[in-house]
Engineer: 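Pasting a structure here, questions to come.
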Amino acid sequence: MQKLRKLPRSFYDRDTIEVAHDILGKYLIHQDNGIERIGRIVEVEAYLGPHDLAAHASKGLTPRTKVMFGPPGHAYIYLIYGMYYCLNVVTQEEGHASAILLRALEPIQNTEGKTQGPGLLCKAMHIDKTLYGEDLLGDTLYLTYPKSAHSKDKTAIVIVSRPRVGVDYAGEEWAKKLLRFYIKDNPYVSKK
DNA sequence: CTCGGGATGCGT
DNA sequence: CGCATCCCGAGG
């Protein structure tokens, strides 16, 4: 596989909704004990800090949410329903506590099983709680610009905005906001 | 310490 | 719609 260029810290240190748009089409890479696993990001959701009642950060700074209150470009990983891990990337400046949930990937290399849905994505990429807080500018878990073949396609990407999935508990105001973004017509988007 | 519920996925 | 399965956060 050709050399892929890592996303810089400055990519994550921006408005969360802007990052959520720009992250579509980028590559997620896990260097998993000598096995390079790669997926192309096709679906995400934005969580906008402590005032967003659907966000875990609305619980405040706890042992679980700690990394979201830290600097951008780190991995926020949590266990959901006792059986699936979910991966987020922390955005904006330290203390802002916003993040983007990665919901679906298009398989590129060495993914194991289905990649549509946040839980399956982590399972396929072998991502678990041991990577909690991982610096995405390190050499284990990181994001890159796509290879040239897909870069050309970037101009053709159309982004669809929808309400987030499974956040009705947050109340109508936050549940109805269009903070789920995915690549139009991509077959790997979840819940088609 | 107990207890309730969850940013899911799958089968019915 | 039910359920698997367990961590986390709230409250006593």
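By convention in this document, chain letters (A, B, ...) are assigned in the order of the sequence lines, proteins followed by strands, and residues within each chain are numbered from 1. No experiment lies behind these values; they were computed from the predicted model shown.
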Engineer: Which nucleotide, in any strand shown, forms a Watson-Crick or G-U wobble pair with B:dG11, with both distances under 3.5 Å?
Structural biologist: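 Its partner is C:dC1.
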Engineer: Across the strands shown, which category fits A:Lys123 at heavy-atom distances under 4.0 angstrom: base, sugar-phosphate, nothing?
Structural biologist: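 Contact class for A:Lys123: none.
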Engineer: Which whole-number value in Å describes the distance from A:Tyr78 OH to B:dG6 P?
Structural biologist: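 After rounding, the gap between these two atoms is 12 Å.
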Engineer: Take the protein atom OH of A:Tyr81 and the nucleotide atom C1' of B:dA7, then report the distance between them rounded to whole Å.
Structural biologist: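 My rounded result for the distance is 8 Å.
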Engineer: For A:Ile77 and B:dT8, give me the distance from atom CD1 to atom P, rounded to whole Å.
Structural biologist: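 Rounded to whole Å, this separation is 16 Å.
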Engineer: Give A:Leu101 one of three labels, base, sugar-phosphate or nothing, depending on what nucleic acid heavy atoms sit under 4.0 Å from its own.
Structural biologist: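 Base contact - A:Leu101 has a heavy atom under 4.0 Å of at least one base atom.
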Engineer: Can you check whether A:Arg103 has a side-chain N or O nearer than 4.0 Å to OP1 or OP2 of B:dT8?
Structural biologist: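 The answer is yes; a side-chain N or O of A:Arg103 sits under 4.0 Å from OP1 or OP2.
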Engineer: Anything under 4.0 Å to a heavy atom of chain A counts; send over the first and last such nucleotide of DNA chain C, read 5' to 3'.
Structural biologist: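 Reading along DNA chain C, I get C:dA4 to C:dG9.
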Engineer: Considering every strand and a 4.0 Å limit on heavy-atom distances, what is the contact class for A:Arg164: base, sugar-phosphate, or nothing?
Structural biologist: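 It contacts nothing in the nucleic acid.
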Engineer: Under a 4.0 Å heavy-atom cut-off, which of residues 84-92 of chain A touch DNA chain B?
Structural biologist: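 Of all residues in residues 84-92 of chain A, the ones placing a heavy atom under 4.0 Å from DNA chain B are A:Tyr84, A:Asn88.
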Engineer: Rounded to whole Å, please give me the gap between CD1 in A:Ile80 and P in B:dG6.
Structural biologist: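 To the nearest whole Å, that distance equals 9 Å.
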Engineer: Using the side-chain heavy atoms of A:Leu120, tell me which of these nucleotides is nearest: B:dT8, B:dA7, B:dG9.
Structural biologist: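 Output: B:dG9.
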Engineer: Tell me if the centroids of the rings in A:Phe181 and A:His21 come within less than 6.0 Å of each other.
Structural biologist: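 Centroid separation for A:Phe181 and A:His21: below 6.0 Å.
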Engineer: Examine the side chains of A:Gln31 and A:Tyr142 and answer whether a donor and an acceptor come within less than 3.5 Å of each other.
Structural biologist: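 A:Gln31 vs A:Tyr142: donor-acceptor pair found between side chains.
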Engineer: Starting at atom CD of A:Glu43, determine the distance to atom P of B:dA7, rounded to an integer number of angstrom.
Structural biologist: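 After rounding, the reported distance stands at 16 Å.
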Engineer: May I ask you to say whether A:Lys177 pairs ionically with A:Asp52, meaning some side-chain N is under 4.0 Å from a carboxylate O?
Structural biologist: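 The answer is no: the pair does not qualify as a salt bridge.
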